[in-house]
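Report on one structure; see the data block that follows.
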Amino acid sequence: MFKGLSLDQAPPFEAPLLFLLTAPLWGIVGGAALLFAQSQPQQIGVLHLFTIGFMAQVMIGALQQMLPVVVGVRFPKPTLLSKLIFIPLALGIALFFIAFFGQSFSLLFIAASLLLLALWGFGAVTLWRLFHAPKATPTVWAMRLSLFSLLIAAGLGGHMAVGFAQGSLGSSFDILLLIHALFAAFGWVGLLIVGVSYQVVPMFYVTPEPSEGFRKWLVWGTFALLLATALGLFLSQKIALALFVTLLFGYLLYGAWMLKLLQKRKRKIWEVSLYYWYVGLMSLFFLPLLWFFDPERFGTLFLFGFAISIIIGMLYKIIPFLSWFHISSRGFFDMPTMKEMIDEKMALVQFGLHLTALGALLLWPKIAALFLVLSFALLLWLLIRPVRIYLEYKKKPSPFGI
Amino acid sequence: MIKDFMTQDHRECDNLYAPVEEAISQGDFEKALELFVPFKEAMLRHFAMEEEVLFPKMEEFLGGGEGPIHVMKMEHAQIRSILDQMGEAIEAKNQQKALGFGETFMIMTQQHNMKEEQILYTMAEQLPLEKEKILQQMKEIQ
């Protein structure tokens, strides 16, 4: 009945770390490239350094770690699989960026193939594992629908990239672009954050338990609206718009509800990841209004205000915890605690830089590049320390002889 | 049944932990220690319920060895060790250390609890165990 079930803290640290630790590098490159991005294709290149480079890499790394915890199944050969996904993904991101930034669109044939190989490969393996969950909780469903959205978004993205490479975008390009963005942002990214937050927020901050009915309803409602909006685009712009705005209010409701839970949390301590949750959730409040007045800033707020904020906040927990855990599992007692691994004051400085970058992106994009580079560089520097501690302990013989 | 009871017990331990942390962050070590003692007792009692009653019953069906139950026990050992170190830090009135162990305890315990709640207790519910009897025996543990 439970064959193949493992509660081991799989995979080895190196497997998710490959994605988690290299992700901020794309943010640094993205920030720097923003300074020189003039044309629309160049902006597409820069945008994807943040979305696939930073965000998707962290999300893939985190999912590898979450899967054994939430579902009780681990990937087959986690380290090998991790490398098999990482190499085409990283190469794909680099080529995709070069193709758009240097206007050498023929490179997109290879870039799109590599990205599809990585994203579809990861999506399919993870979905297959997720359907082995002993119990389909709202979190499991959110993850499944999120990965399903990833398959759609990546497939459409690949199709459009090939269109660019061939120099013919086709008549339905505009609609496909909207559907691609819709599933990438509100399906893949949004639903994964929703699903993970269901688990992480009540448990890590000791908040009241949200009702299962509402959690489930929100996940399915979001996905249904996503599908309906995509179909609506083929029928009538007005219907699609009405459905999309309803979807935005769904996210607003989610944000308000999570903030209410956080307000009632029993752990009163303030720390940097909590600040990031607050900024991320509060960003959702302004999305419906911005959508009508300023669609470009709407996208910026979703990415840098909501998604990237929450992702950075989670990184501050994931990396020091895993470092501590893997050292502790070998029987050591004398390593620094999670809190000591991250310089808290500098993490607050990094948070300030991120907020400044967000403000600059919204108000004065020209100076945003500088703050983005600084923010991601400091993030990387802060995250390297727990990894160095882990590597130092890895060299020492275990007190248990493990 | 077992799942609900044990999940509820996890939450009660969390509720006991939160004020300990608050007292430490306010620098009130006497209060922190006063709150830490019943909190640690509740944690150890929860582990005892699992290790002395629930896990052996489950192992009759699942077998021992390197399986999920073995992993859960290893994590209990890790959590016990953090609790000991946290207690020492509170006694030594070392705020940074105590908060550091507190945070590490919290994340370690929550990811452990998630595995138990998502998977292990679900397994317990599906196995042909004498659930009433097990519940009763667990409640008797002091």
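Residue numbers begin at 1 in each chain, while the letters A, B, ... track the order of the sequences.
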task: Mind ranking A/R265, A/R267, A/K339 by heavy-atom pairs under 4.5 Å with chain B and telling me who comes out on top?
output: A/R267

- line: When the 4.5 angstrom heavy-atom criterion is applied to A/S328 and chain B, the contacting part is both

- request: Could you tell me which portion of B/L99 (side chain, backbone, both or neither) has an atom closer than 4.5 angstrom to a non-hydrogen atom of chain A?
  value: both

statement: With chain A, the option among B/K97, B/M74, B/E117 that has the most non-hydrogen atom pairs under 4.5 Å is B/K97

query: Hey, what's the ring geometry for B/F47 with B/H76, parallel, tilted or perpendicular (30° and 60° as the breaks)?
result: parallel

message: Just so I understand: if I count every heavy-atom pair under 4.5 Å between each of B/I107, B/D14, B/I82, B/T109 and chain A, which residue has the most?
response: B/I107

query: In terms of heavy-atom pairs under 4.5 Å, which option from A/M66, A/M203, A/Q199 contacts chain B the most?
result: A/M203

message: Assess whether a salt bridge exists between B/R80 and B/E51, defined as any Lys/Arg side-chain N lying under 4.0 Å from an Asp/Glu carboxylate O.
response: yes

message: If you count heavy-atom pairs within less than 4.5 Å of chain A, which of B/H10, B/Q96, B/H112, B/Q85 leads?
response: B/Q85

message: Between A/Y198 (side chain only) and A/R215 (backbone N and O only), is there a donor and an acceptor less than 3.5 Å apart?
response: yes

- request: Using non-hydrogen atoms and a 4.5 Å limit, figure out which bit of B/M114 sits close to chain A: side chain, backbone, both or neither.
  value: both

query: Taking all atoms of both residues into account, what is the closest heavy-atom pair of B/I69 and B/L120, and its distance?
result: CG1-CD1, 4.3 Å

- request: Identify whether the distance between the nearest side-chain nitrogen and carboxylate oxygen of B/K73 and B/E50 falls below 4.0 Å.
  value: no

query: Got a salt bridge between B/E52 and B/K57, using NZ or NE/NH1/NH2 to carboxylate O under 4.0 Å?
result: no

query: Is chain A contacted by the side chain of B/Y17, its backbone, both, or neither, given a heavy-atom distance below 4.5 Å?
result: side chain

- prompt: In terms of heavy-atom proximity below 4.5 Å to chain A, should B/E22 be classed as side chain, backbone, both, or neither?
  reply: side chain

message: Using 30° and 60° as the class boundaries, would you call the ring planes of A/W220 and A/F223 parallel, tilted or perpendicular?
response: perpendicular

